[in-house]
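To start, the structure under review is shown below, and the notes come after it.
Within every chain, numbering begins at 1; the chains are lettered A, B, ... in the order of the sequence lines, protein sequences first and strands thereafter. Every value quoted in this text rests on a predicted model; they were computed, and no experiment measured them.
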2 protein chains.
Amino acid sequence: MSSSFVKSAERTLDVLHLLASRLRPVPASVVAQECGIPRSSTYHLLNVLHERGWVNHYEAEHAWGLGVTAFETGSAYLRSEPLQRAGRPLLAALTEHTGDTAHLAILEGTDVLYIDKEESRTAPRLVTEIGVRLPAHLTAVGRAILSRLSPAQVRALYARPVLVRRTGRGPRNVHELLGELAAVATRGYAVEEGTTTVGICCIAAPVIGHDGLPAASVGITFVAAQRQGDQRDDAAVKVVETANRLAGALGPRRLTG
Amino acid sequence: MSSSFVKSAERTLDVLHLLASRLRPVPASVVAQECGIPRSSTYHLLNVLHERGWVNHYEAEHAWGLGVTAFETGSAYLRSEPLQRAGRPLLAALTEHTGDTAHLAILEGTDVLYIDKEESRTAPRLVTEIGVRLPAHLTAVGRAILSRLSPAQVRALYARPVLVRRTGRGPRNVHELLGELAAVATRGYAVEEGTTTVGICCIAAPVIGHDGLPAASVGITFVAAQRQGDQRDDAAVKVVETANRLAGALGPRRLTG
DNA sequence: ACTCGGTGTCTCGCATACGAGACGGCGTAC
DNA sequence: GTACGCCGTCTCGTATGCGAGACACCGAGT
């Protein structure tokens with residue numbers, strides 16, 4: 001929480017951010033100006049970054065750009081499974097508060113992949129396991145993610161406009177799916193009842209990365225008959241909150257970008 | 001060149017490097033110890049990194065891992081086209097010294113993609129243009145790259161063991177290709193004569209990233225009849241030098257990783 | 001030749017960023 | 001309960017990292 005202050009560290013990150021935001025390498029003078037760093041300090045800093053491969057120095061064009069080390073470090077991000085890690089305690093809390101099994105899922109192609117779950121104590125073994133893949137359009141978690149893509153993106157995703165069904169319910173084609181997604185988008189969360197498994201209901205909300213794209217979604221699953229009307233609304237609020245909290249945990253603490 | 005010294009900047013990079021090198025988030029105490037940073041300074045630093053999303057703080061497990069900003073920044077690396085940028089002046093110098101057209105190429109699947117070129121002044125318009133794709137096994141640039149993959153990797157790359165030919169020369173199958181690649185590996189550079197275009201010869205050397213993998217390759221092209229024996233050897237030395245210099249320009253200046 | 005504007009290097013004195021250390025909280029062992 | 005270990009926060013005096021500024025270089029313009 002406490003806003004610490006470490007000048008050179010901040011400058012380091014500022015420089016990297018600047019270089020990342022320009023698609024072409026920039027001269028040192030621009031770095032100094034844009035980041036508000038004195039000339040000589042800028043060179044001190046660039047040299048350190050250069051030494052370690054975080055920036056490249058293109059002597060011919062007197063310009064500085066990002067280096068491989070930045071790339072390598074960035075690639076390591078995914079290996080730490082940040083979604084699962086940040087999500088796990090939040091899923092646990094969600095299950096705690098609703099009593100239901102909670103899921104974390106991501107989109108892969110037109111499927112959702114369940115990447116984490118917290119079991120309900122009262123009604124275990126409902127549907128999915130970690131690692132399971134289901135058609136996105138049939139699941140609440142899937143629709144929650146799709147609802148934050150543009151219709152054009154959704155259409156591009158579905159090469160064939162006819163959609164599979166499992167229970168005789170659910171959208172038959174991309175057009176129907178888009179209708180449903182629009183409703184999800186305005187409502188803020190997705191509800192699915194009986195399109196995955198008869199008698200089972202899911203509520204899910206998207207986790208929006210600070211780039212504006214849906215990175216994942218959080219959902220809960222319960223026996224449809226056991227939860228109606230207001231009870232579902234209350235649960236939905238908690239699901240949305242959890243999704244937003246997860247989004248918050250993943251982005252930067254402050255809003256500069 | 002001059003080894004500048006900016007303590008907090010170096011620490012920042014040390015921390016990021018540490019987090020990237022561990023596949024799991026680590027406690028602050030480990031960061032402090034491994035990077036040799038005093039306890040309180042470590043927190044100062046982690047807070048700054050956290051504020052900007054460069055690291056995530058997983059409170060539940062009291063551990064710190066890389067954040068999305070690291071990922072986003074790393075992704076921007078490729079946008080700056082570092083190979084072309086660092087390569088261009090080196091290609092120009094190579095053409096200057098050999099008189100031949102010089103190319104920079106990368107591997108995409110089983111093809112090579114030519115991403116930059118410097119035209120010979122004496123014998124222009126020999127073969128390829130930027131953006132052209134050719135089967136890797138027929139070109140010197142391709143073989144140079146493949147020669148630095150393991151035989152297993154090469155086999156995995158080629159789903160079908162039968163290879164296309166263009167001029168009635170060149171390896172007929174993966175087995176023959178592997179034989180040729182072994183020769184290339186020991187020689188240090190690849191030579192191709194007449195497998196791409198009759199009468200044309202290419203010499204190429206791989207650009208080895210500091211992760212040990214071939215990132216690209218540098219090659220020259222000339223009319224086969226105009227350059228024999230010693231002349232080719234001399235040119236090959238220059239090609240290898242250029243490739244190594246390019247590798248050097250892309251990696252970190254110092255050897256710690 | 002001479003200036004001008006832009007790079008990149010290097011030094012050294014002084015403002016200030018850092019770190020010792022104290023504090024509070026939380027979990028775990030016994 | 002009590003003691004211990006580890007985590008994260010905060011303060012304040014002082015060792016030291018940083019930045020003004022001088023220097024060298026280079027290419028372009030006149």
Side-chain angles (χ1 to χ4, degrees), chain A residues 1-15 18-19 22 24-65 67 85-86 88-89 92-93 96 249 253-254, chain B residues 1-15 18-19 22 24-65 67 85-86 89 92-93 249 253-254:
Chain A
M1 299 298 125
S2 76
S3 261
S4 295
F5 193 74
V6 182
K7 181 150 49 167
S8 296
E10 294 185 316
R11 288 178 168 178
T12 303
L13 304 183
D14 285 344
V15 169
L18 173 70
L19 297 184
R22 308 298 194 91
R24 314 185 30 148
V26 301
S29 56
V30 170
V31 174
Q33 194 147 11
E34 294 282 309
C35 299
I37 308 177
R39 235 174 65 79
S40 49
S41 304
T42 302
Y43 282 104
H44 284 308
L45 193 46
L46 284 175
N47 282 328
V48 169
L49 288 163
H50 185 213
E51 249 172 36
R52 308 191 170 215
W54 278 83
V55 311
N56 283 344
H57 182 199
Y58 302 105
E59 312 197 16
E61 21 188 343
H62 293 287
W64 304 72
R85 243 167 245 286
R88 190 155 306 139
E96 180 76 21
R253 311 281 86 214
R254 38 171 238 152
Chain B
M1 300 298 126
S2 75
S3 262
S4 293
F5 193 74
V6 182
K7 180 151 50 169
S8 296
E10 294 185 318
R11 287 177 169 178
T12 304
L13 304 182
D14 284 345
V15 169
L18 173 69
L19 297 184
R22 308 296 194 94
R24 314 185 29 149
V26 300
S29 55
V30 170
V31 174
Q33 195 147 10
E34 294 283 309
C35 300
I37 308 177
R39 235 173 63 80
S40 49
S41 305
T42 303
Y43 282 104
H44 285 308
L45 193 46
L46 285 174
N47 283 328
V48 169
L49 288 163
H50 185 213
E51 250 172 36
R52 309 191 170 212
W54 278 83
V55 311
N56 283 344
H57 182 199
Y58 302 105
E59 312 198 15
E61 22 188 341
H62 294 287
W64 305 72
R85 242 168 246 287
R253 311 281 86 212
R254 39 170 237 149

Once you round it to whole Å, what is the distance between [atom2] of [N] and [atom1] of [X]?
X	N	atom1	atom2	answer
A/E61	D/dG27	CD	P	16 Å
B/H50	D/dG8	NE2	P	11 Å
A/L45	D/dG17	CG	P	15 Å
B/E10	D/dT16	CD	C1'	14 Å
B/F5	D/dA15	CZ	C1'	13 Å
A/Y58	C/dG8	OH	C1'	18 Å

Hey, what do you get for CG (A/L49) to CZ (A/R11), rounding to the nearest 0.5 Å?
->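 Reported value, rounded in 0.5 Å steps: 12.5 Å.
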Distance from A/W64 atom CH2 to A/N47 atom CG, nearest 0.5 Å?
-> 5.0 Å
DNA chain D: 5'-proximal contact among B/A9 and B/V30 (nearest heavy atom) |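 Final value for this comparison: B/V30.
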According to a strict under-4.0 Å criterion, is [X] in side-chain N/O contact with OP1 or OP2 of [N]?
X	N	answer
A/W64	C/dT7	no
B/Y43	D/dT9	no
A/H62	C/dG8	yes
A/H57	C/dG8	yes

Does the pair A/D14 and B/R52 meet the rule for a salt bridge (Lys or Arg N to Asp or Glu O under 4.0 Å), with working shown?
-> CA-CA 10 Å; A/D14 285 344; B/R52 309 191 170 212; 2.5 Å; yes
Locate the shortest heavy-atom distance separating [X] from [Y]; write the atom from each residue and the value.
X	Y	answer
B/T42	B/A32	OG1-CB, 3.3 Å
B/L19	B/V26	CD2-CG2, 3.6 Å
A/L46	A/V55	O-CG2, 4.0 Å
B/H57	B/A63	CD2-O, 3.5 Å

5′-ward residue of the pair A/P27/A/V6 relative to DNA chain C |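 Of the two residues, A/P27 wins.
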Strictly under 3.5 Å: I want the nitrogen or oxygen pairs between protein and nucleotides 19-22 of chain C, one per line.
| unit_1 | atom_1 | unit_2 | atom_2 | d |
| --- | --- | --- | --- | --- |
| C/dG19 | OP1 | B/K7 | NZ | 3.4 |
| C/dG19 | OP1 | B/R11 | NH1 | 3.3 |
| C/dG19 | OP1 | B/R11 | NH2 | 2.8 |
| C/dG19 | OP2 | B/R11 | NH1 | 2.6 |
| C/dG19 | OP2 | B/S41 | OG | 2.2 |
| C/dG19 | O5' | B/S41 | OG | 3.3 |
| C/dA20 | N7 | B/S40 | OG | 3.1 |
| C/dA20 | N6 | B/S40 | OG | 3.2 |

Among D/dT9, C/dT9, D/dG17, the one nearest any side-chain atom of B/N47 is D/dT9
